[in-house]
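What follows is a set of notes on a single structure, which appears directly below.
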Amino acid sequence: EAGVTQFPSHSVIEKGQTVTLRCDPISGHDNLYWYRRVMGKEIKFLLHFVKESKQDESGMPNNRFLAERTGGTYSTLKVQPAELEDSGVYFCASGLTEQETQYFGPGTRLLVL
Amino acid sequence: AQKVTQAQTEISVVEKEDVTLDCVYETRDTTYYLFWYKQPPSGELVFLIRRNSFDEQNEISGRYSWNFQKSTSSFNFTITASQVVDSAVYFCALRWDSNYQLIWGAGTKLIIKP
């Protein structure tokens with residue numbers, strides 16, 4: 001069974017540009033989560049989808065971040081416009097149900113210059 | 001407040017030594033879940049174990065063991081006879097029953113020297 005996949009693995013962009021991160025969850029997992037770890041800080045929750053609906057987006061830092069999960073399959077996280085402080089590793093996780101363990105992808109390393 | 005503390009930033013031991021990674025948590029909830037994840041140099045977060053607050057039995061899986069003590073709010077992880085492949089960053093995390101986001105500790109970088 002394929003695990004959670006994320007694309008791209010790395011992204012280097014300039015301040016003010018737009019970047020879109022993609023996450024493909026484990027097949028059949030209705031629950032999808034985004035987290036990020038900025039340099040020197042703990043991993044922080046961003047948001048949680050159940051199928052295509054946003055269940056909890058309390059961790060989204062500001063309106064420059066937009067997450068979507070059309071059709072309840074893969075999800076995208078767009079940062080527009082990117083700022084220097086957005087640099088970090090963005091992790092995606094999926095789970096069969098909300099109560100179940102979250103399984104993580106390899107992360108996308110974003111560097112904003 | 002919900003909080004996870006991993007006080008050990010980095011631990012370095014020689015191969016075959018036993019090593020314990022500490023995790024202390026804070027929560028007001030009576031129902032909660034504790035997790036350990038491993039992040040090898042390749043970067044992905046690998047799930048190791050999940051424990052719910054009603055199950056205080058210690059868990060052993062090969063060279064790995066976990067000691068959950070509610071009295072001290074700790075969920076420590078021990079690697080017996082460590083190997084170089086155990087080198088990684090290890091994260092402890094907490095989730096409470098009514099919320100599905102994980103609260104993470106800062107991680108402990110474990111270096112196993114040959």
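What you see is a predicted model, and the numbers here were worked out from it, not measured in a lab. Heavy atoms only: backbone and side chains are in, while hydrogens, waters and symmetry mates are out. A, B, ... follow the sequence lines: proteins, then strands. Residue 1 opens every chain.
Contact residues of residues 79-88 of chain A toward chain B are absent (heavy-atom distance under 4.5 Å). Using non-hydrogen atoms only and a strict 4.5 Å limit, the part of residues 22-53 of chain B facing chain A consists of B:F35, B:Y37, B:Q39, B:S42, B:G43, B:E44, B:L45, B:F47, B:R50.
Counting heavy atoms of neighbouring residues, nucleotides and ligands inside a 6.0 Å radius, atom NZ of A:K54 exceeds 12 of them. Residue-environment remark: CD (B:E10) exceeds the threshold of 12 foreign heavy atoms within 6.0 Å.
At least one side-chain heavy atom of B:E56 sits less than 4.5 Å from a side-chain heavy atom of B:K70. A:P61 has its side chain out of reach of A:K44: every pair of non-hydrogen atoms, C-beta onward, lies at least 4.5 Å apart. Side-chain contact between A:C23 and A:V4 is present, with at least one heavy-atom pair separated by less than 4.5 Å. Residues B:T108 and B:I11 form a side-chain contact, since some pair of their non-hydrogen atoms from C-beta on lies under 4.5 Å apart. In this structure the side chain of A:I13 reaches within 4.5 angstrom of the side chain of A:L110, judged on heavy atoms.
Per-residue counts of heavy-atom pairs under 4.5 Å with chain B were compared for A:Y33, A:F104, A:Y103; the largest is that of A:F104.
Under the salt bridge (charged side-chain N to carboxylate O under 4.0 Å, His left out) test applied with B:D86, the options B:K16, B:R63, B:K113 reduce to a single match, B:R63.
Judged by the 6.0 Å and 45° rule, A:R22 forms a cation-pi pair with A:Y74.
With a 4.5 Å cut-off on non-hydrogen atoms, A:S9 does not touch chain B at all. Residue A:Q6: no heavy atom, backbone or side chain, is found under 4.5 Å from chain B. With a 4.5 angstrom heavy-atom cutoff, B:D97 does not touch chain A via any of its atoms.
Formation of a donor-acceptor pair under 3.5 Å by the A:Q102 side chain with backbone atoms of A:N31 is not found in this model.
Taking CZ from B:F77 and CH2 from B:W66, the interatomic distance works out to 5.0 Å, rounded to the nearest 0.5 Å.
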